[in-house]
Amino acid sequence: MAYWLFKTEAGTFSWQDQLKAGPKGEEWSGVRNSLAEKHMRAMKIGDLGFFYHSGDERRIVGVVRVVAESHPDSTDAQGRWQCVDVEAVDAFPKPVTLADIKATPRLTNMVLVKNSRLSVQPVTPGEWDLVCRMGGFQMPHKR
DNA sequence: GCCAACGTTGGC
DNA sequence: GCCAACGTTGGC
């Protein structure tokens, strides 16, 4: 199982929009960067990702799960780009801001800090655990 | 195949 | 509003 980070402007596609999509999830469409796309092609069903609001907010607001592996992006008329589908898992009780991350020595190697323009990024297990703890987030139990 | 020019992203 | 970082384009 791998961990990722998905970046979006709240004005374009927000956490609220993701919640509205429900358990069927929503295409993470519109990515037109080959490295970001490569990360999506590597994703497997069940992989988890942070949901990050860029722009004014600049914070991780929740967790999403991959529910469909890469397939053609429906917003690409040429059929050249691929994307995955993700569903909302849960919001962070305490959103973790970019400033929090930059102020945490163990997180300064995150891609979010090193390559701020990449819209879909890998996250290491260590980074994942620490950020979840900072956000007061625990995976909900299945029933 | 190189690289200058240009456009976009996103943090500040 | 600015600008650094990065990707893409196009002339050579």
Side-chain angles (χ1 to χ4, degrees), chain A residues 1-140:
Chain A
M1 226 238 334
Y3 299 107
W4 310 94
L5 183 145
F6 295 87
K7 209 163 41 173
T8 174
E9 292 238 23
T12 305
F13 184 79
S14 69
W15 175 250
Q16 286 303 318
D17 295 326
Q18 183 68 60
L19 283 177
K20 274 184 223 148
K24 279 176 57 188
E26 183 86 18
E27 268 192 327
W28 200 263
S29 58
V31 171
R32 299 293 182 268
N33 172 283
S34 48
L35 182 54
E37 187 208 25
K38 186 181 145 200
H39 292 319
M40 287 201 283
R41 285 177 185 264
M43 291 179 190
K44 302 292 181 197
I45 286 176
D47 280 2
L48 297 173
F50 291 133
F51 193 105
Y52 177 84
H53 277 164
S54 61
D56 290 342
E57 289 192 41
R58 299 193 298 282
R59 56 188 181 179
I60 294 169
V61 294
V63 170
V64 290
R65 180 192 286 116
V66 175
V67 291
E69 291 175 14
S70 72
H71 56 80
D73 180 333
S74 69
T75 66
D76 173 24
Q78 327 265 299
R80 191 162 94 71
W81 295 94
Q82 302 259 124
C83 68
V84 297
D85 293 2
V86 298
E87 64 160 344
V89 174
D90 234 332
F92 263 26
K94 294 181 295 175
V96 175
T97 68
L98 180 62
D100 293 335
I101 288 169
K102 288 188 166 176
T104 305
R106 284 177 54 204
L107 297 177
T108 50
N109 283 322
M110 280 188 77
V111 181
L112 191 64
V113 177
K114 294 280 176 187
N115 183 2
S116 61
R117 287 190 48 194
L118 186 62
S119 64
V120 180
Q121 318 174 352
V123 171
T124 69
E127 292 162 353
W128 182 268
D129 290 343
L130 182 50
V131 171
C132 284
R133 231 177 305 140
M134 290 165 65
F137 175 83
Q138 284 185 300
M139 282 299 288

Identify whether the distance between the nearest side-chain nitrogen and carboxylate oxygen of A:K20 and A:D17 falls below 4.0 Å.
yes
What is the distance from CG of A:D56 to C1' of C:dG1, rounded to the nearest Å?
14 Å
Between A:R117 (CZ) and C:dG7 (P), how many Å, whole number?
7 Å
Tell me yes or no: between the side chains of A:S116 and A:R58, is some donor less than 3.5 Å from an acceptor?
no
What is the separation between atom CG on A:L5 and atom C1' on B:dT9, rounded to the nearest whole Å?
15 Å
Atom NZ of A:K102 and atom P of B:dG10 are separated, to the nearest Å, by 13 Å
Kindly say if A:K114 contacts the phosphate of C:dA4, meaning a side-chain N or O under 4.0 Å from OP1 or OP2.
no
Among B:dT9, C:dG7, B:dC12, the one nearest A:N33 by side-chain distance
C:dG7
Can you measure A:L98 atom CG to B:dC12 atom P for me and round it to whole angstrom units?
5 Å
Starting at atom NZ of A:K7, determine the distance to atom C1' of B:dT8, rounded to an integer number of angstrom.
12 Å
Expressed in angstrom and rounded to an integer, what is the separation of A:N115 atom CG from C:dG7 atom C1'?
11 Å
Option among A:F6, A:W4, A:F51 that satisfies the side-chain contact (heavy atoms from CB on, under 4.5 Å) test with A:V86:
A:F6
Rounded to the nearest 0.5 Å, what separation is found between the CG atom of A:D129 and the CE atom of A:M134?
13.0 Å
Quickly work out the A:L112 CG to C:dC6 P distance and round it to whole Å.
14 Å
